[in-house]
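We name chains A, B, ... by the order of the sequence lines, and we start the count at 1 in each one.
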Amino acid sequence: MKFSTSFFPTQKEVPVDATIPSHILMLRAGLIRPLAAGVYSHLPVGQRIMHKVMQIIREEMNAIGGQEVFLPALNPIELWQETGRVDDFGDIMFHVKNRPMVLAPTHEEVICSIAKNFLRSYRDLPQIWYQIQTKFRNEPRPRSGVLRGRQFLMKDSYSMDFSWEGLDKSYDKHAEAYKKIFSRCGLKFFIVGASSGAMGGSGSQEFMVESESGEDTCAVCPDCGYAANVEVAVSNVPPLPRAEGDLRLEEIHTPNVRTIDELVEFLNVPAEKLAKSLVYMQDNKTPILVLMVGNDQLNETKLSSALGPNIRPMRPDEIVQFTGAHSGSLGPIGLKNFKTIADNRVKDANGLISGANKDDYHIGNVDFVRDVKLDGYYDLREVKENEPCVQCGQPLRVVNAIEVGHIFKLGTKYAEDLKAYFLNEKGEEKPIIMGSYGIGVERIIASHIEQNHDENGLIWDESIAPFHIHIIGLNMKNENVREASENIYQILLDNNYEVVFDDRNDVTAGFKFKDADLLGMPVQIIIGEKNLKDGNVEVKVRRTGKRSVVAIDDIINKLEKLLH
RNA sequence: CGGGGCGUGGCUCAGUCCGGUUAGAGCGCACGGUUCGGGACCGUGAGGUCGGCGGUUCAAAUCCGCCCGCCCCGACCA
């Protein structure tokens with residue numbers, strides 16, 4: 001493809017609306033253009049990359065027996081009412097104004113609606129159907145370029161099995177395929193156990209790419225490979241020990257002490273001696289008290305996993321109403337009508353200090369066995385950096401990550417709601433057992449950029465590079481340069497390389513170099529007068545910056561060493 | 001939805017606090033010329049309802065009100 005007749009809208013300036021590297025570079029390199037918040041056009045170079053990624057996905061999905069389908073984005077709202085997901089998604093789902101229809105944010109319903117009519121026997125199963133299509137979600141706040149958009153391209157596949165063992169197999173096949181896909185796309189990724197969230201189901205894993213720009217937080221062990229989303233991650237931090245002796249409850253006057261830090265300072269005790277009390281409301285009616293070690297952080301996803309959905313922090317006025325005290329002086333002693341749970345780490349501990357439910361007072365020597373009636377201990381605390389790994393004891397890292405893939409064992413929820421039943425070998429009617437497996441296509445690209453760029457621009461892996469080779473004809477007004485460049489361009493095309501040829505005759509050398517580095521093709525071939533006199537050109541590897549002078553006759557040889 | 005920031009040629013910005021010639025700069029763009037291995041230089045030129053609507057005023061990019069849009073933090077995130 002020749003530069004002079006193509007659309008490569010690169011720009012030098014950093015776009016004002018972009019803050020993370022992938023977003024900045026996708027805009028600067030002319031891959032995408034914003035149309036509205038969270039909505040992007042893919043320009044020719046960006047679209048080539050999308051195709052590369054999609055091709056890899058298709059190959060690996062086909063390899064596990066996946067069959068590609070194309071499903072409607074426009075769905076009758078009735079279909080979504082059958083699974084109750086109109087309410088589940090709420091404002092996240094786009095609703096069409098002048099028809100009773102919605103824009104599909106995912107496709108379990110459509111899949112089931114097809115399956116119920118055609119997959120009637122266990123002999124029709126298993127099946128894996130996949131799609132690579134635009135999904136629509138009315139995100140409250142789109143952000144980070146293509147990482148969280150309102151319209152985005154997703155590979156979703158759906159497995160349908162007649163047995164739970166079959167589901168396990170389909171799930172494992174997807175896990176293996178995903179490893180291949182992300183590896184082939186040049187991503188450094190890790191897999192974490194995840195919370196299934198509103199999708200429901202029995203198991204799920206996320207494929208994560210470590211990046212400062214990621215929205216998820218994961219604990220990872222550099223030593224043994226343990227990795228988990230902090231929504232489920234645990235560490236080997238020890239539980240609180242039981243102190244010796246029979247310690248009596250005592251009231252402690254703590255004027256104007258509100259926070260754990262202030263309490264530590266005021267009483268001159270370690271934070272481990274403090275039992276932190278957090279108050280929540282469930283379903284707007286059930287007050288909940290959560291007890292944690294003073295300097296531990298509650299993870300609200302873990303709280304929801306323990307107690308169910310619809311939990312929110314209690315409002316200040318509710319706190320006073322239900323406890324008689326203000327936040328900062330709350331505790332388990334004397335509190336009535338609260339559902340009370342505690343983090344595993346304070347299990348059966350004693351000698352702790354908690355709030356007295358009376359402003360400016362705390363209570364010492366609280367004993368969780370003797371003084372507190374609990375509705376259960378749960379893992380509620382969020383893992384912190386450098387805590388010992390639960391598997392090997394080495395210090396954990398806590399990192400941000402981009403979720404590029406998520407695989408779920410859905411089970412029978414959707415099949416039951418939509419009455420997708422089959423007859424098993426005994427003639428019994430059973431719901432189809434489903435799995436669903438997503439990949440964010442743009443997220444792969446953004447993640448690759450986050451992991452592969454420098455101050456000059458993009459650095460593509462060959463597998464998803466829009467072109468393999470970027471030819472720079474330096475002074476195209478020079479006949480020798482023009483002729484040699486055109487020749488080499490043709491030779492490379494004849495050898496099945498994908499080539500972009502900067503044949504512009506109205507920009508200077510420096511301009512072309514900058515554009516080439518910004519666009520980031522793996523190999524650049526620089527054709528200038530001086531080298532040409534000796535029958536040579538320069539070959540530069542974008543990633544390393546390494547340059548070498550190569551005889552024109554030897555180019556194909558050289559490229560074979562650098563590419564493929 | 002709460003908090004913050006921003007909106008001026010295609011891009012990046014100045015001008016707004018303190019109203020007052022014809023609204024500026026750099027880059028980009030067009031034309032001519034000089035250059036030709038790291039966004040080169042000279043000259044000429046085109047390009048703006050200053051986000052929109054309303055108000056105050058002799059006079060509004062500038063002050064006031066409402067609305068819209070975009071970005072960031074938070075809430076939310078199958």
Show each protein N/O and nucleotides 8-13 of chain B N/O combination with a separation under 3.5 Å, one pair to a line.
from   : atom 1 : to       : atom 2 : distance (Å)
U12(B) : OP1    : Val16(A) : N      : 2.9

How would you label the contact of [X] with the nucleic acid (heavy atoms, under 4.0 Å): base, sugar-phosphate, or nothing?
X         : value
Ser144(A) : sugar-phosphate
Met93(A)  : nothing
Arg28(A)  : base

Could you check His470(A), Lys512(A), Lys540(A) and say which one makes a side-chain hydrogen bond (donor to acceptor under 3.5 Å, both in side chains) with Asp517(A)?
Lys540(A)
Hey, could you give me the CD1/CG distance between Ile469(A) and Leu559(A), rounded to the nearest 0.5 Å?
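Interatomic distance, Ile469(A) CD1 to Leu559(A) CG, rounded to 0.5 Å: 4.5 Å.
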With respect to the side chain of Ala36(A), which nucleotide from C71(B), C70(B), A75(B) is positioned closest?
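Closest nucleotide among those given: C70(B).
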Whichever of Met154(A) and Thr10(A) has its nearest RNA chain B nucleotide further upstream toward 5'
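Per heavy-atom nearest nucleotide, the more 5' residue is Thr10(A).
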Ranking Pro140(A) and His23(A) by the position along RNA chain B of their nearest nucleotide, the one closer to 5' is His23(A)
Within the modelled atom types, does a donor on one side and an acceptor on the other bring the side chain of Arg148(A) and the base of C77(B) under 3.5 Å apart?
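Result: at least one qualifying N/O pair found.
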Please tabulate, one pair per line, each protein N/O and nucleotide N/O from nucleotides 31-38 of chain B that are separated by under 3.5 Å, including the distance.
from   : atom 1 : to        : atom 2 : distance (Å)
U35(B) : O4     : Lys477(A) : NZ     : 3.1
C36(B) : O2'    : Asn475(A) : ND2    : 3.4
C36(B) : N3     : Asn475(A) : OD1    : 3.4
G37(B) : O6     : Asn531(A) : ND2    : 2.8
G37(B) : N1     : Glu538(A) : OE1    : 3.1
G37(B) : N2     : Glu538(A) : OE1    : 2.7
G37(B) : N2     : Glu538(A) : OE2    : 2.9
G37(B) : N2     : Arg547(A) : NH1    : 3.4
G38(B) : O6     : Arg547(A) : NH1    : 3.4
G38(B) : O6     : Arg547(A) : NH2    : 2.2
G38(B) : N1     : Asp517(A) : OD2    : 3.2
G38(B) : N2     : Asp517(A) : OD2    : 2.5

Report the base-pairing partner of G37(B) (Watson-Crick or G-U wobble, both distances below 3.5 angstrom), or none.
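Answer to the pairing question: none, since G37(B) forms no Watson-Crick or G-U pair.
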Using the C1' atom on both, measure A14(B) against A61(B) and round to a whole Å.
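Looking at atom C1' only, A14(B) and A61(B) are 12 Å apart.
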Quick one: closest heavy-atom pair of Met1(A) and Tyr489(A), and the distance?
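Here Met1(A) and Tyr489(A) meet closest at N-OH, 2.7 Å.
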